[in-house]
A.B. asks: 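Have a look at this one before I ask anything.
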Amino acid sequence: MPDDSPLKPSTIAVTAGRPPHEPDRPLNEPLTMASTYVAGGDLEYGRYGNPTWAAFEAALGELEGGSCLAFASGLAAVSTVLDLVGQDATVVAPRHAYNGSIMQLADLEARGRLRARLVDVTDTDAVVAACADAALVWLESPTNPALEVADLETITRAAHDAGAYVVVDNTFATPLLQRPLDLDADLVVHSATKFLSGHADVLLGAVVTRDPELLGVLKNRRDLIGAIPGSLEAWLALRGLRTLHLRVERAQANAQELVRRLGEHPAVGEVRYPGFGAIVAIVLAQGAMAADLLTRKTSLWVHATSLGGVESTFERRRRWKTEAATIPEGLVRMSVGIEDVEDLWDDLRRALDGCVG
Ligand SMILES: *Cc1c(COP(=O)(O)O)cnc(C)c1O
């Protein structure tokens, strides 16, 4: 991985975005609650900037290798980036992706704002062909909830040849497992609600880029649209980020072990796992009813949407009417947490035993 920082990612997660080491300075950036500032400086007003956001942005920016802007939520970041394209522009996007991003694209298309071209990201040739007259190529890898992996380098090259910007939603991988800007992507989007914050108590989004012009445009859009983070949210997210490497390491190890065991359970027809990260999808051999039964029969695993927290959660994705029809009815997306893997497996196995034939 090419590196613009001499420090390793774990060290950056712990040390970036802190006040200078000076006598009596706090070690952590304090929570600044302010709607306005004394005139004459850089901040001026609470919608334009906040030292607590800036600390979070410094840390995530350094982890991704670019400059970061925080937003009110992941979807606020997604929407602001989609707003970069001109009227009637073509946006290429995965047919399986975060449901809110797909719904936002569909809404913009229905209102005549842009054209969405949905592709199977595993079919690199088809994606490259789709890039031809695109203004923006939206990528998610691994995809939600199908866990498909895109060839980011090849697609990015094709998109740039076509003059399109490339955006990667890096929520599932986190900058510890994948740094899209190193692969020449123009923008990285995060739902910091998930792994970055990590404790299921915050909604927050972010965009990271190395392009100063894009950064300026996005900052201006954030100022004008007002999709700004709360300072408490930014503070909590930064606190969560300090242990990102430990949480991802443990959750990923748990996921890898569970994937091995799940593959041998007779109730499980298929296990989808890209080999890294903490999100796993299983397809129950007996379909939707077995999947619903599973989500009701566990005591540790919590039936809940969202992902990336310390606690293990899961849900049958097709319970949402807006989920893609190409996602199997019996698919359960699992967000593996940092509990003891034996306890997680015992709880799952007992519930799965009740879902066999
Ligand atoms: C949750 C999520 C989002 C949206 O983020 P919010 O913080 O819920 O607005 C976007 N992309 C992915 C991959 C997500 O998982």
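FYI, side chains are in, hydrogens and waters are out, and symmetry mates aren't considered; it's all heavy atoms of this structure. Whatever order the structure lists them in is the order used to number ligands and atoms, beginning at 1.
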A.B. asks: Can you tell whether the side chains of Arg350 and Asp346 come within less than 4.0 Å, N to carboxylate O?
C.D. replies: no
A.B. asks: Strictly by modelled atom types, are Asn50 and Thr32 linked by a side-chain donor-acceptor pair under 3.5 Å?
C.D. replies: no
A.B. asks: Considering both backbone and side-chain atoms of Gly74, is one of its nitrogen or oxygen atoms within less than 3.5 Å of a nitrogen or oxygen in ligand 1?
C.D. replies: yes
A.B. asks: Write out the residue and atom name of the closest protein heavy atom to atom 4 (C) of ligand 1, then the distance separating them to 0.1 Å.
C.D. replies: Tyr98 CE2, 3.3 Å
A.B. asks: Inspect the contact between Arg157 and Asp184 and indicate whether a charged nitrogen and a carboxylate oxygen are less than 4.0 angstrom apart.
C.D. replies: no
A.B. asks: As an exercise, identify every atom of ligand 1 less than 4.0 angstrom from a heavy atom of Thr193.
C.D. replies: 6 (P), 7 (O)
A.B. asks: Backbone or side chain, does any N or O of Glu140 fall under 3.5 Å from an N or O of ligand 1?
C.D. replies: no
A.B. asks: Distance alone, cut at 3.5 Å: any donor-acceptor contact between the side chains of His303 and Glu315?
C.D. replies: no
A.B. asks: So that I can tick it off, tell me whether Lys219 and Asp223 are bridged by a salt bridge, with the cut-off set at under 4.0 angstrom between side-chain N and carboxylate O.
C.D. replies: yes
A.B. asks: Among all protein heavy atoms, pick out the one at the shortest distance from atom 5 (O) of ligand 1; state its residue, atom name and that distance to 0.1 Å.
C.D. replies: Ser191 OG, 2.9 Å
A.B. asks: Kindly confirm or rule out an N or O of Ser101 lying under 3.5 angstrom from an N or O of ligand 1.
C.D. replies: no
A.B. asks: How far is atom 11 (N) of ligand 1 from its nearest protein heavy atom, and which residue and atom name does that atom have?
C.D. replies: Asp169 OD2, 2.6 Å
A.B. asks: Considering only protein heavy atoms, which is closest to atom 1 (C) of ligand 1, and at what distance to one decimal place?
C.D. replies: Lys194 NZ, 1.4 Å
A.B. asks: Looking only at N/O atoms, are Leu75 and ligand 1 under 3.5 Å apart anywhere?
C.D. replies: yes
A.B. asks: For the residue pair Glu29 and Thr52, confirm or rule out a side-chain donor-acceptor distance under 3.5 Å.
C.D. replies: no
A.B. asks: Could you check whether Arg272 pairs with Glu270 (Lys NZ or Arg NE/NH1/NH2 to Asp/Glu carboxylate O, under 4.0 Å)?
C.D. replies: yes
